[in-house]
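Read through the structure below, which is laid out as structure tokens, and then see the notes.
When reading the values below, keep in mind they use all heavy atoms of this one structure, side chains included, and skip hydrogens, waters and symmetry mates. Chain identifiers are assigned alphabetically (A, B, ...) following the order of the sequence lines, protein sequences preceding nucleic acid strands; residue numbering begins at 1 within each chain.
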Amino acid sequence: MLTIAAPWARRLAYPALLPALAAMPWIASDFYLGFATLILIFSLFAMSLDLLVGYTGLVSLGHAAFFGIGAYATAILVELEVVQAVLVLPASVLLAALAAAAIGALSVRTAGVSFIMITLALAQLVYYVALNSPWTGSTDGMLMSQRPVVGLPGIDLEDSRQFYFYCLLWVGLSTVLMARLVRSPFGRALQGIRANEERMGAMGFRTVTYKLAVFVIAGAFAGLAGHLFVSLQFFIDPTSLQWSASGQVLMMVVLGGVGTLAGPAIGALVFHGLEDLISSYTQHWMLPMGLILVLVVLFGRGGLMGLWRRWQARRSARPPGRPDGGGRDDA
Amino acid sequence: MTPESVPALETRGLTKRFGGLTVNAGLDLRIAPGEARAVIGPNGAGKTTLINQIAGHLRPDQGEILFQGGPIAGWPPYRIARLGIGRSFQQTNLFFEFSVFENVRLAAQSHLPRMLRVWRGAGAYGPVNERAEQALETVGLAHRRGARAGGLSHGEQRQLELAMVLALRPKLLLLDEPMAGLSLEESHRITELLLELKRDHTILLIEHDMDAVFAIADRITVLVHGQEIATGDAEAVRTDPAVIEAYLGED
Ligand SMILES: Nc1ncnc2c1ncn2[C@@H]1O[C@H](COP(=O)(O)OP(=O)(O)OP(=O)(O)O)[C@@H](O)[C@H]1O
Ligand SMILES: [Mg+2]
């Protein structure tokens, strides 16, 4: 984003995060290691959606379709005894990207509510295919008998610690890629499109092509998240690509803060944490969750990241909203 | 201009209607390369509509638009911009949340040949930065490069609006009331700037400030109710009875 970054969070929090993440398999119990793996996966999923929502201004309600396609592709290939990760992973990502290219081509020319509705409708189409195709086990979903095989000596993804690192590697690489992308000329153009698409056009940017490109990129990352998800769970069913799944990942993005990469990751953590917490008291966890989301949207402009940044700004000596301090162009 | 040379911009029978209202009624304009042409006329005469059609923001109902002899009517704005036609907006149209520099840097970035540049930071492209910096210096806004565009004064926002067009390095400038709402001093500065730009640009200038128009324009077209009622140099237009009656007489 082109707003002021939290001054020391950048310098301290992120470098501290890496050793903490790397040490996780030795700190966390099996249950929490599984939870941490899930959070990593959903962080990637939510960050990929934020490329669309927060950076480009494309509010997609169909993002779970690409997650689901990545997951089903992995499950089907493993079922067909194509188990090598070097084949399964790229194939899953590629299929998700192709689906995103098709759905994007039909949707990125529209804007606002039409875009929301078209992505929703096309993703539901994918859902019905998963529900009815002979390949996907319909409502029962698919069980995966094993995880993909990396094929390097000493590496076995069936081990939950090793699988955690497999996920950490891909999520970490993806995060670095996305972080570079949003600061690159391409990413700046996306943010320009979100802010003022008419002006971008008048300056010579073919905005639909940019939107299609980022839609495909976001779909590919969602497909990667799906690949990791089904490998974690050994299971995928159509609920993972239903519109409600798209809605949930959108909630994670909004909860954490649109237009940042850290926000959606935090959103994924808080969302799943709250889900676990609340559902240990009541099975109607969606209601309190909905209320919390409404509160965050009403009072925390910019989600949890927004709250955090404003708190930071208040604490530091620099007065917030200094007339010409904002909009440093390399934030 | 020799009569047979190709005009920088030409419209033939350009017509635009909104419902029953004819806003541009068969306009035939010929603007020579290097010419500074002002289009004046009362509010609602159809001046902005003319620019919107040339820049691709509106599709003409009838007629042709030729840029350096090639037809461009109905093209999307991005293609027209890439030909070297830069437009400014009457209603300041910035990236208000971005810094001043980022506003012009984005404009300058539109010249990068490939879209999918995702690895290096946006600030790492020297020629883009230079182009942006130059545009800011030309309009006298370089000292505000770090400010948020939305926090600028009205006058500064008009300068930025112009800088974003200049950062495109266009051959033809379509300027929609660049001096609207400016103080006398600010208007003078923009007039000076346009006189300078005139040396190596073709300009189509819409402006209500008649001092500026008479200072800058080689020729002036007067538009009333979508009709061209006169075209000529400052003297001819100033003394044209139809123009005095329809427009200049107001003041
Ligand atoms: N998109 C539109 N839809 C309907 N009517 C429009 C539209 N745009 C402009 N008009 C009408 O067309 C007429 C000409 O508008 P235009 O903006 O071209 O005038 P103008 O000469 O630029 O005026 P001003 O000096 O006030 O800027 C006006 O009556 C306006 O209300
Ligand atoms: Mg106008």
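Taking every heavy atom of both residues into account, A:Ala189 and B:Gln109 meet most closely at CB-NE2, 3.9 Å. The two residues A:Ala202 and B:Ala81 come nearest to each other via the heavy atoms O-CB, 3.2 Å. Taking both residues in full, the closest heavy atoms of B:Trp119 and A:Ser184 are given as N-CB, 4.2 Å, listed atom of the first, atom of the second, then distance. The shortest non-hydrogen separation linking B:Arg82 to A:Gly204 is NE-O, 2.9 Å.
Between the side chain of A:Arg183 and the main chain of B:Gly121, no donor-acceptor pair closer than 3.5 Å is present. Panel note: side chain A:Arg199, backbone B:Leu94; no donor-acceptor pair is recorded below 3.5 Å. B:Ser110 places a side-chain N or O within 3.5 Å of a backbone atom of A:Met203 that can act as its donor or acceptor partner.
Residue B:Tyr125 touches chain A through its side chain alone, counting heavy-atom pairs closer than 4.5 Å. Contacts between B:Ala55 and chain A at a heavy-atom distance below 4.5 Å are absent for every atom of the residue. Both the backbone and the side chain of B:Val165 come within contact range of chain A, with heavy atoms under 4.5 Å apart.
For residues 205-216 of chain A, a heavy-atom distance under 4.5 Å to chain B picks out A:Phe205, A:Arg206, A:Thr209, A:Tyr210, A:Ala213, given by residue number. For residues 98-109 of chain A, heavy-atom neighbours of chain B at less than 4.5 Å comprise no residues at all.
Between B:Leu106 and A:Asn196, every side-chain heavy-atom pair lies at or beyond the 4.5 Å cut-off.
Note: B:His57 leads B:His111, B:Arg114, B:His57 in heavy-atom pairs under 4.5 Å with chain A. Heavy-atom pairs under 4.5 Å with chain A peak, among B:Leu112, B:Leu83, B:Leu168, at B:Leu168. Of the listed residues B:Arg117, B:Met164, B:Met115, the one with more heavy-atom pairs under 4.5 angstrom with chain A than any other is B:Met115.
A distance of 5.0 Å separates CZ in B:Phe95 from CE in A:Met200, rounded to the nearest 0.5 Å. Atom CD of residue B:Glu97 and atom CD of residue A:Gln191 lie 12.0 Å apart, to the nearest 0.5 angstrom.
The environment of A:Trp170 atom CH2 is sparse: at most 12 non-hydrogen atoms of other residues, nucleotides or ligands sit within 6.0 angstrom.
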